[in-house]
Amino acid sequence: MSNGLKKRIVKEIKVDLDKCIGCRACEMACSGFHAVPKFSSTNPARSRIRVIIEDRKDVYVPVRAGDYAQAECNCRNSYVINGKEYSECSFCTVSCSTRDLFKDPDSGLPLKCDMCADDPTLPEPMCVQVCCCDALTYVEREEEGENEVGPRGEIEVGLESLVNRFGIDKVVDLVSQLSKTK
Amino acid sequence: MRYAETGFDLEIDLSRGSIDRVETDPELSRLHLGGQGTAAKILWDRVPPEVDPLDPENLLIFSTGLLQSTPVPGANRTAVDTFSPQTGFYSHSLFGGFFGPELKYAGYDKIIFRGKASDLVYLWINNDKVEIRDASHLRGKGAQETALILKEEVGEPNAQVAAIGIAGENRVYMASIEHANSSASRGVGVIMGDKRIKAIIVRGTKDVNVAQPKELAEISIPMYRKMYDNKDCGDSMAHGEGDAFHVDNFAWGNARTRRSEFFSKEMENDWLSLEDKLRQRWTGCHNCPKDCHQAIKYPGRMPYFQKCYSKLTYAMGAFGDLDFDYNIIGITQEYGMDAYSTPQTIAFAIELYEAGILTDKDLPDFPGPDGETVEGYKVNEARFFYLVERIARREGIGDVLANGIYAAARQIGNGAEAYDHNTIKKFEQVPIKLGYVNFPYFLMYATGEKMNITQIEGSFPQAPIADKAERAEFVKNWDAAPERFKKWFMEWEPRQNPSLEASVHICDWNETMHYVDDAIGTCAFLSSFRGQFGGRPPYHIYNLPAFITHATGIEFDTDGLWEVARRNRNLIRALNVRRGLSRVDEKPPANHWKKREPETEQKLLDMYYEFKGWNNDGIPTKETLDKLGLEYVSNDFIQRGILPECEGDQS
């Protein structure tokens with residue numbers, strides 16, 4: 001490929017807030033699917049998708065769990081859409097320290113949507129399968145992007161956490177010391 | 001491990017302030033399933049007939065359905081069971097929404113309240129942590145206002161709340177319990193108020209397990225789409241069928257007048273556009289793809305949820321219009337008042353006023369006289385607003401009317417009794433007045449113990465199909481029906497009654513399906529109520545056993561499920577028999593049909609009792625009870641002299 005870009009498949013769940021009826025079937029299907037064995041239990045608190053509901057304000061926002069963030073945002077926006085006010089948090093997919101959303105209720109560990117990765121691959125993630133009113137729809141599209149970086153190895157993840165904890169200088173010093181002695 | 005249920009009840013003694021988590025006997029699930037069934041067992045064991053409904057010893061039980069919080073879609077109905085001061089009998093109501101599922105995720109199948117608190121309290125259930133808290137700051141607050149305050153107060157936006165409004169606080173008999181988009185009525189709100197429970201707020205984050213996950217998921221996941229695509233389930237009247245059925249066929253005012261020429265195409269269009277304007281969204285209940293509830297924002301009122309026929313009950317009671325109904329529900333739902341009984345009681349009072357039985361002394365500054373408008377409202381509409389305030393607060397004549405039509409008529413006297421013409425077993429009925437006695441409906445009205453026809457009817461079609469080929473086609477695809485009903489439906493011609501034998505079986509099948517739903521928590525709009533229009537309910541007696549078996553691990557087949565329903569049915573009848581229910585109580589209003597067949601009706605009742613294994617007075621025989629494993633009931637009946645010591649003289 002001359003431009004150095006290659007095609008990749010982007011998986012997306014489109015959310016149409018106007019169509020959500022607030023039934024929370026997506027939470028049931030998600031928590032059931034991720035139980036071990038599958039569907040042996042349900043528990044919306046373990047679901048990687050949650051419908052944020054404020055029924056007297058007509059707020060119904062299905063949100064999927066994204067990456068974990070260590071710290072809270074230092075500023076937040078609120079948005080008015082069609083006369084309804086939404087806090088940025090209502091859309092935010094991050095599992096963060098300021099709310100109990102997307103944390104396993106027993107371990108406290110962050111939960112993350114994996115698009116129901118399974119073998120064989122599901123035609124659609126479970127939440128989409130049970131959302132008959134089409135508030136959630138599944139879309140796959142091709143996108144050109146830079147070559148994907150391969151999965152990070154154990155060493156890289158481990159080093160990064162050391163850097164986070166002790167600072168880059170200390171880690172560099174230690175590595176150069178070690179390289180001399182070994 | 002317990003499957004589909006938690007195996008624990010929460011016992012709250014409000015007089016002592018004690019809270020206990022009590023393990024339940026798994027055998028009871030096999031015998032009664034859950035929900036209403038196991039609640040009936042508890043009421044039998046612990047509330048003898050000597051206990052007045054307003055005594056502290058009466059229980060108020062919130063029960064999750066057995067399948068709630070499992071992957072089975074549409075199992076979200078929570079049962080509330082107690083004894084009613086209005087009827088003196090067993091009182092039962094169901095509500096949808098999200099409360100029961102949340103309770104189960106908190107680790108409880110039921111909340112059982114006994115005793116009375118000394119002042120208003122609320123119950124805060126946060127998984128294992130349960131507290132009875134002071135609610136004096138919530139006195140006088142609306143039901144939904146209370147929910148908003150409490151979620152803020154405990155800092156848990158995901159909690160679910162069931163609350164009463166001022167009607168419940170004031171022990172109004174038609175008080176409801178309000179939750180999210182749903183409410184419970186028919187005598188349960190008054191007991192919640194009497195026990196001084198303003199609200200229950202619950203948050204649960206535990207697992208609910210099922211026994212055979214793979215098998216259960218295989219049949220549950222496709223149900224979402226099947227239900228969604230099935231136009232004969234859910235609230236089909238809200239979606240396309242329109243209002244003509246209720247407007248044309250139900251009676252207006254104090255259940256008096258049919259206005260069959262009233263509704264026009266133009267009016268229907270006006271109504272639809274008004275609804276489109278007021279409706280923010282259609283919403284559903286927990287884990288169900290049907291959107292039966294309208295989120296309504298009426299100017300100047302707290303946003304509320306409207307479901308089913310309530311959008312017409314006030315309008316028709318007041319000879320008013322749709323706008324008036326949407327307006328007044330904005331008040332009555334905050335006050336927590338049942339949208340069936342309340343408008344009828346008010347229409348009854350207006351009739352008494354027009355007849356001179358209630359006077360300006362009883363109703364000071366009562367809007368009127370007829371024909372004028374008052375502050376932009378028709379006179380009757382203004383009178384409805386006036387009386388809602390007085391009933392909810394038990395002020396003046398409202399204190400009498402708050403006891404329901406039957407009691408109010410007798411307290412008012414002076415001929416008022418004649419205006420109580422639409423109650424059965426002292427309870428207000430849906431305002432329907434028809435031409436010729438309908439045999440299955442005669443039996444359902446007469447013998448029902450859920451106090452409202454909508455809680456009894458629903459599996460056998462309301463009307464025959466005239467065209468024989470169409471009829472055969474309908475029967476061919478009628479998976480929900482046991483074989484015998486197919487034959488009877490084929491024989492059923494327009495403007496005829498089904499045979500007496502068929503009528504007996506129709507009543508039995510119809511109520512059996514409700515007894516199944518009310519124990520497992522499946523919504524009647526997906527099951528027991530929804531066979532009568534179109535014959536295609538997603539859940540029925542043939543497919544439900546698999547859902548129950550895979551969820552609970554307890555083997556059920558169709559016969560076994562039917563037997564549990566029969567056991568629960570007889571137990572509930574026994575609760576009422578012990579409180580004095582007998583054959584004399586089992587009659588529809590005299591004017592329900594213009595043309596009656598008194599002899600045939602009594603024959604029908606004889607046949608039905610015999611079919612049910614009840615004696616001539618409607619009391620289950622020892623043989624019937626013992627066969628269902630209810631020996632403790634028959635022993636009690638014999639001890640009390642309700643049944644004779646020796647068999648033989650039963651029929």
Side-chain angles (χ1 to χ4, degrees), chain A residues 17-47 50-60 82-84 87 89-90 99-101 103-108 122-124 126-135, chain B residues 3 69-74 76 97-98 101-102 105 127 144-145 147-148 151 156-158 180-181 203-218 220-229 280-293 295 297 302-305:
Chain A
L17 301 186
D18 292 332
K19 287 184 176 163
C20 180
I21 63 165
C23 71
R24 301 170 58 196
C26 50
E27 299 176 3
M28 293 295 283
C30 176
S31 69
F33 182 79
H34 289 96
V36 183
K38 280 196 178 70
F39 291 103
S40 57
S41 66
T42 59
N43 183 353
R46 282 192 215 282
S47 172
R50 298 298 306 277
V51 190
I52 314 253
I53 297 176
E54 284 183 56
D55 61 6
R56 304 297 133 175
K57 292 188 185 160
D58 195 37
V59 171
Y60 295 82
N82 279 341
K84 290 174 210 160
S87 149
C89 281
S90 314
R99 49 180 189 176
D100 68 355
L101 204 60
K103 288 192 193 112
D104 186 276
D106 292 336
S107 64
L122 298 188
E124 291 178 330
M126 285 310 302
C127 58
V128 176
Q129 285 189 37
V130 300
C131 185
C132 302
C133 60
D134 288 341
Chain B
Y3 296 108
S69 312
T70 71
V72 181
N76 49 45
F98 307 85
E102 195 73 29
Y105 288 124
N127 290 319
Q144 291 305 335
E145 193 187 358
L148 293 177
K151 285 184 198 182
E156 186 47 83
N158 292 317
N181 59 8
R203 173 66 178 147
T205 61
K206 299 187 192 185
D207 296 347
V208 172
N209 301 299
V210 297
Q212 295 153 15
K214 190 166 168 286
E215 293 82 353
L216 186 63
E218 261 165 26
S220 295
I221 301 298
M223 287 307 282
Y224 291 99
R225 181 57 61 183
K226 276 189 202 164
M227 287 174 183
Y228 185 80
D229 291 341
Q280 294 182 293
R281 176 184 302 266
W282 291 103
T283 74
C285 294
H286 188 249
N287 202 27
C288 176
K290 304 305 276 193
D291 53 353
C292 304
H293 303 246
K297 178 81 190 80
M302 173 87 132
Y304 67 86
F305 290 86

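Residue numbers begin at 1 in each chain, while the letters A, B, ... track the order of the sequences. Computed over heavy atoms, backbone and side chain alike; hydrogens, waters and symmetry mates excluded.
In terms of heavy-atom pairs under 4.5 Å with chain A, the best-connected choice from B:P73, B:G97, B:G204, B:P303 is B:P303. Of all the listed residues (B:N158, B:I221, B:N181), the one sharing the greatest number of non-hydrogen pairs under 4.5 Å with chain A is B:I221. Among B:S69, B:P222, B:A295, the residue with the largest count of heavy-atom pairs under 4.5 Å with chain A is B:S69. Chosen from B:P101, B:P157, B:C285, B:A147, the residue pairing most often with chain A at heavy-atom distances under 4.5 Å is B:C285. Ranked by heavy-atom pairs under 4.5 Å with chain A, the first of B:V208, B:L148, B:L216 is B:V208. In terms of non-hydrogen atom pairs under 4.5 Å with chain B, the most contact-rich of A:A45, A:S41, A:C133, A:A29 is A:S41.
Only the backbone of B:K290 comes within contact range of chain A, with heavy atoms under 4.5 Å apart. With a 4.5 angstrom heavy-atom cutoff, B:Q280 touches chain A via backbone and side-chain atoms both. Proximity to chain A is limited to the side chain of B:E102, based on heavy atoms less than 4.5 angstrom apart. In this structure, chain A has no heavy atom under 4.5 Å from any part of B:Y3. With a 4.5 Å cut-off on non-hydrogen atoms, B:S220 does not touch chain A at all. In this structure, chain B has heavy atoms under 4.5 Å from both the backbone and the side chain of A:C20. Neither the backbone nor the side chain of B:A211 comes within contact range of chain A; no heavy atom of the residue lies under 4.5 Å from a heavy atom of that chain.
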Query raised in the report: Should A:T42 and B:N287 be marked as a side-chain contact (heavy atoms from CB on, under 4.5 Å) after you check the CA-CA gap, both sets of side-chain angles, and the distance that decides it?
Result: CA-CA 12 Å; A:T42 59; B:N287 202 27; over 6 Å; no
Requested in this report: Step by step, work out the side-chain contact (heavy atoms from CB on, under 4.5 Å) result for B:C288 and B:N76.
Outcome: CA-CA 8 Å; B:C288 176; B:N76 49 45; 3.9 Å; yes
Report task. Kindly determine whether A:M126 and A:C30 satisfy side-chain contact (heavy atoms from CB on, under 4.5 Å), including the steps that lead there. Result -> CA-CA 6 Å; A:M126 285 310 302; A:C30 176; 5.8 Å; no
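When every heavy atom of A:A25 is checked against every heavy atom of B:Y224, the shortest pair comes out as CB-CE2, 3.6 Å. Nearest approach of A:M28 to B:T70, heavy atoms of both residues: CE-O, 3.3 Å.
Contacts of B:D207 classified as salt bridge (Lys or Arg N to Asp or Glu O under 4.0 Å), with partners at least two apart in sequence or in another chain: A:R46. Taking the salt bridge (Lys or Arg N to Asp or Glu O under 4.0 Å) definition, one finds that B:E156 meets it with B:R203, sequence neighbours left out. Looking at residues two or more places apart in sequence or on another chain, you find a side-chain hydrogen bond (donor to acceptor under 3.5 Å, both in side chains) between A:K57 and A:E54.
Side chain of B:Q144 to main chain of B:Y304: no donor-acceptor pair is present (N/O by atom type, distance under 3.5 Å, no hydrogens or angles). A:N43 contributes a side-chain N or O that, together with a main-chain N or O of B:T205, makes up a donor-acceptor pair within less than 3.5 Å.
Residues of residues 32-40 of chain A that come within less than 4.5 angstrom of chain B, heavy atom to heavy atom, are A:K38, A:F39, A:S40 in numerical order.
In summary, the side chains of B:N127 and B:Y105 do not present any donor paired with an acceptor at a separation below 3.5 Å, with no hydrogens or angles considered.
For A:D58 and B:R281, the salt-bridge test passes: some basic side-chain N is under 4.0 Å from an acidic carboxylate O.
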